[in-house]
Amino acid sequence: MKLIKSMCKAALVLASLTLFASPLQAAPYEGYSYYYWGDSSSTPNAYLPDGVIDGAEQGVGKLKGPTDMFVASDGLVYVLDAGNGRIVVFDQQWKAIRQIYGFKDGAKQEQFANPQGIFVTDKGRIYIADTDNSRVIELESDGKLVRVIGAPKSEVILDDFEYFPRKIAVDKAGRIYVIGRGVFDGIMEMDSDGKFTGFMGTNKVSFNFMDYIWKQLSTKEQRNKLAQFVPLEFNNLDVDGENFIFTTTAEVGSTVPIKRLNPTGDDVLRREGYIPPMGDAYSQNPAASSILVDIKVGENGTYSALDSRKGRIFTYNEDGSLMYIFGRMGEQEGTFKTPVALESRGDQFFVLDQEMNRITIFKPTRYGKLVNEANELLISGKYTEASNKWKELLTLNANNEIAYVGIGKALLRQGESKLAMENLHLGYDRVYYSKALGKYRKEIVREYFGVGMTGLVVLIATIWGISFLKRRLKGKVKANVT
């Protein structure tokens, strides 16, 4: 039976890929995803390239070694064009509306030195991690200086501490979060006045017991050559609507390359999918695993991570289940050489390539739109509409396990526990299957409790009656004998 189901699914996938033959041939890569049993399989593409922005066609000269970009709440795109020492601002039609070459500090004209990070608040304030100048710069939207925030000062910071801010984010309360180069203590947190308040979210030490034993038995010279037990370094961050901090860690040794930190620095990321959010999964070779360098928080609990090693974008839902993958390394349009930053606007994604000096625009296919729309409907409580979208998605890819899970979740919230269990089983979602099973058991108990109790009472009464009659008859027999 399982073999027949697998053959049917494979046939439907083949049909769906045939349906998408034209886009796939035009695309610089094929879609794929991971499944429960540890293998990958072809899927229709969720996103395809829709053009590139390099500055030349926009009339501001080619980008040169860009390091970061940010899409503000008003839709403007801020590109940190480090090689040209400027910030280029594009509107929603990709028309360059502003260039910021440094700033004036009093009578002195200041320049950026290898800036690595940029963030723009809802009020239009621009924050730049001016890396080699060891400072954070806050500018008004027109480029006028607001303030310069220097190196943090505190008793917990060592005297030889070197301050090279790389990435920056600001939450709704004005708190500033800075990732520094070579800082293993966590993210540097500053209040709205720029005063250092502490480190948050320190990565745990990567510890191997055998390595520890070997170090104890080694000489001092041998120990110095061995890897140190130090925490892994954060390399990027983003802030969601609840002021939680999403982070990425690029080191291969990290078992949790994506985190969601609450205000106390605890990781509260949900990992309820059968594959934890980590980029490419099931890689037997550590040298081939993903190196995540940026993260973008989307709507409805989704988030996407950029893999600089393989040039892929991985998007997850609020439970941490993989929704889709797109992109790859290469030289043609839609591929990358050195992807360094990921942003989104509406249903589009933008990827900044430092080596190719351009931004690639991606738009969703019909398949990608269905995934996004179905997830949005499910989160907003429109369960019937969500189920219809997931079912439509299954006609394009019968192996899409997240669609079965989506249908199962919708049925569960509609009170259809038994049907939910069937779909969650097909989607291999143990967490929600257990929830559906628990609800189904309660429904069975409620449904048959009355009948069961009535039957039990009748049974007890019958047994008691028979026993009573036997005692009466036995008493009469004894009386007659006497």
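In this chain, numbering begins with 1 at the start of the sequence shown.
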Exercise answer: donor-acceptor pairs, residues 85-93 side-chain atoms, under 3.5 Å, sequence neighbours excluded:
residue: Arg86; atom: NE; partner: Asp81; partner atom: OD2; Å: 2.7
residue: Arg86; atom: NH1; partner: Val60; partner atom: O; Å: 2.7
residue: Arg86; atom: NH1; partner: Gln99; partner atom: OE1; Å: 2.6
residue: Arg86; atom: NH1; partner: Tyr101; partner atom: OH; Å: 3.4
residue: Arg86; atom: NH2; partner: Val60; partner atom: O; Å: 3.2
residue: Arg86; atom: NH2; partner: Gly61; partner atom: O; Å: 3.2
residue: Arg86; atom: NH2; partner: Asp81; partner atom: OD2; Å: 3.0
residue: Asp91; atom: OD1; partner: Gln93; partner atom: N; Å: 2.9
residue: Asp91; atom: OD1; partner: Trp94; partner atom: N; Å: 3.0
residue: Asp91; atom: OD1; partner: Lys95; partner atom: N; Å: 2.8
residue: Gln92; atom: NE2; partner: Asp74; partner atom: O; Å: 3.2

Charged N to carboxylate O under 4.0 angstrom, [X] versus [Y]?
X: Lys104; Y: Glu110; answer: no
X: Lys409; Y: Asp429; answer: no
X: Arg260; Y: Glu242; answer: yes
X: Arg312; Y: Asp280; answer: yes
X: Glu333; Y: Arg358; answer: no
X: Arg175; Y: Asp171; answer: yes

- [ ] Could you tell me whether Lys369 atom NZ has more than 12 heavy atoms of other residues or ligands within 6.0 Å of it?
- [x]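 Counting neighbours around NZ of Lys369, 12 or fewer heavy atoms of other residues, nucleotides or ligands fall under 6.0 Å, so no.
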TODO: Check whether more than 12 heavy atoms from other residues, nucleotides or ligands sit under 6.0 Å from atom CD of Gln109, and answer yes or no.
DONE: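 Count over threshold, so yes.
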Check for a donor-acceptor pair, side chain of [X] on one end and backbone N or O of [Y] on the other, with a separation under 3.5 Å.
X: Glu376; Y: Glu373; answer: no
X: Glu233; Y: Gly182; answer: yes
X: Asn133; Y: Arg135; answer: no

TODO: Start with the C-alpha distance between Ser321 and Asp319, add both sets of side-chain angles, then the distance that settles side chain to side chain donor-acceptor pair (under 3.5 Å), and finish with yes or no.
DONE: CA-CA 6 Å; Ser321 296; Asp319 291 326; 5.5 Å; no
Looking at every heavy atom in both [X] and [Y], which two are closest together, and how far apart are they?
X: Ser290; Y: Asp307; answer: OG-OD2, 2.8 Å
X: Val77; Y: Val71; answer: CG2-CG2, 4.0 Å
X: Ile258; Y: Leu269; answer: O-CD2, 3.4 Å
X: Ile118; Y: Tyr78; answer: CD1-CB, 3.9 Å

TODO: Only counting residues at least two apart or in another chain, list the ones meeting side-chain hydrogen bond (donor to acceptor under 3.5 Å, both in side chains) with Asp238.
DONE: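 Asp238 satisfies side-chain hydrogen bond (donor to acceptor under 3.5 Å, both in side chains) with no other residue.
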Open item on the list: Checking Thr338 now: which residues fulfil side-chain hydrogen bond (donor to acceptor under 3.5 Å, both in side chains) with it, not counting sequence neighbours?
Closed with: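 Expected list: Glu355.
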Open item on the list: Below 30° counts as parallel, above 60° as perpendicular, anything between as tilted: where do the rings of Phe199 and Phe196 land?
Closed with: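 Geometry flag for Phe196 against Phe199: perpendicular rings.
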Open item on the list: Any non-hydrogen side-chain atom of Ile313 less than 4.5 Å from a side-chain atom of Val351?
Closed with: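 Yes - at least one pair of side-chain heavy atoms lies under 4.5 Å apart.
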